Amino acid sequence: MGRWTGTGRIHGFGRSVAPALAAVALAFGCREEGRALPSTRRVRLPQPVSAAATLRIDATGREWVMDGGAAAVVDTGGAPSVARVTVGTGTPLPAPLWDVGGRLYADAAVPALAEVAARAGVKPPGLRLSGPVARDPRGRWLYAAIRHGGVVGMTADSLHALWGWAHAGPAATALAVSPLADRVYVALDSSGTEGSDPRVQVRDQQTGRILATLSQPAAVRWLAAAGDAGLVGYAEADGKGAVVALRHTTDGLEERWRVTLGRLGLEAPGAVRVAPGGVRVAVWGRKGGGVRLLDGATGAVVGHVGDSPLDAAFDAGGRLHLLYAAETRVVP
């Protein structure tokens, strides 16, 4: 039995049972959940956080719950302990959440660069930012999308724009950088351009040359490099969302698998996080429905958590950390 990937290719399921079960569940209209995932640790926060709070994991495994101008730091080693830190100019913060100089990066361009500028003690760059920001994993550059899908590269310390790539036409909706920092991935929303589909571009980091392009049925709103597995993204259009995995081939870029939020029993808008190496993918609906944990190779559902978090993150060991209004949880 095979599966249509949307790229003109059919891939066999091989001997894996999980994808076969997934197909049966889909055929009978059942949502996929997988086994219930227990929490191995729960820690109460010093005070409840807002719905806008975010979660990041640093290199030592500590959880940083950021909400407004403060962060609750949860030490997960040994007996969990919680400390509260006021985040201000000059406050030392840990990598790899931030670069080696202690500057915070986020996914939205304007807030991200304003935060970086505050920590660097410089004025924000005079660019007409309209899209996402991505960081070079080696800490050298900060990539930012400007109008019409253009991309500029700035120094990570002073935000000085050193170079830029020509406008691609449509707006950029997501950016990601390969683990080796040799490729930059740019998702473009061409839905407003007649005769053009949304697409993902692969660009050479040194020259900006377009190495490959793959059309998508919906605009990719979030994108992350997933090690040797390629890319994982979240696409959404007309109130419907899907998780998509892409990979490199000799022909350029192809779709590996795609799972809709409807199939998972979730509603758009959704959110996605990827474990190191792309081994697992966590998906949850921001309108509820809980969390689904997917196999990074096949997209098959391997487990679920009943409650939807405010945010989530994988640590270096591949454990999933979940943020709720009053606590954090870890599932294996």
Side-chain angles (χ1 to χ4, degrees), residues 52-58 64 66 68 71 87 89 93-168 170-189 198-206 208 219-226 231-236 269 271-274 311 313:
T54 58
L55 175 67
R56 298 292 184 268
I57 313 295
D58 69 21
W64 287 72
M66 292 169 285
V87 180
T89 302
L93 297 172
L97 290 76
W98 297 269
D99 73 352
V100 293
R103 283 165 284 274
L104 171 64
Y105 295 122
D107 295 327
V110 175
L113 292 182
E115 183 75 13
V116 174
R119 303 204 185 289
V122 299
K123 292 179 62 177
L127 299 171
R128 304 187 68 177
L129 301 168
S130 60
V133 168
R135 182 175 68 90
D136 172 6
R138 299 178 182 178
R140 298 171 301 174
W141 315 111
L142 185 68
Y143 299 88
I146 57 176
R147 295 183 61 190
H148 306 302
V151 177
V152 295
M154 296 175 287
T155 57
D157 53 355
S158 63
L159 300 184
H160 178 62
L162 296 180
W163 44 264
W165 299 335
H167 295 179
T173 53
L175 284 176
V177 184
S178 66
L180 296 178
D182 58 340
R183 295 185 177 116
V184 178
Y185 306 99
V186 186
L188 300 172
D189 182 5
R199 57 190 184 272
V200 175
Q201 289 181 341
V202 184
R203 306 190 73 158
D204 178 72
Q205 187 277 331
Q206 297 215 356
V220 175
R221 307 290 180 184
W222 181 89
L223 197 61
L231 292 166
V232 174
Y234 173 71
E236 186 178 307
V272 180
R273 297 291 182 267
V274 183
D311 200 4

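Keep in mind the model is a prediction, meaning the values are calculated, not measured.
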Task: Straight-line distance of Asp311 CG to Arg273 CZ, nearest 0.5 Å - done: 4.5 Å

Open item on the list: Quick check for you: to the nearest 0.5 Å, what is the distance between Thr173 atom OG1 and Arg221 atom CZ?
Closed with: 6.0 Å

Open item on the list: Does the plane of the ring in Trp163 sit parallel, tilted or perpendicular to the ring in Trp141? Use 30° and 60° as the thresholds.
Closed with: perpendicular

Open item on the list: Using every non-hydrogen atom in the two residues, find where Leu223 and Gly233 come nearest and quote the distance to one decimal.
Closed with: CD1-CA, 4.0 Å

Open item on the list: Testing the basics here: between Ala134 and Val177, what is the closest heavy-atom pair and its distance to 0.1 Å?
Closed with: CB-CG2, 4.0 Å

- [ ] Any chance you could measure Leu175, atom CG, to Arg203, atom CZ, to the nearest 0.5 Å?
- [x] 10.0 Å

- [ ] Starting at CD of Gln205, measure out to CH2 of Trp165 and round the result to the nearest 0.5 Å.
- [x] 6.5 Å

Open item on the list: Measuring only between side-chain heavy atoms, which start at C-beta, is Pro170 closer than 4.5 Å to Arg199?
Closed with: yes

Open item on the list: Restricting to non-hydrogen atoms, name the atom on Pro179 and the atom on Ala225 that form the minimum distance, rounded to 0.1 Å.
Closed with: CD-CB, 4.0 Å

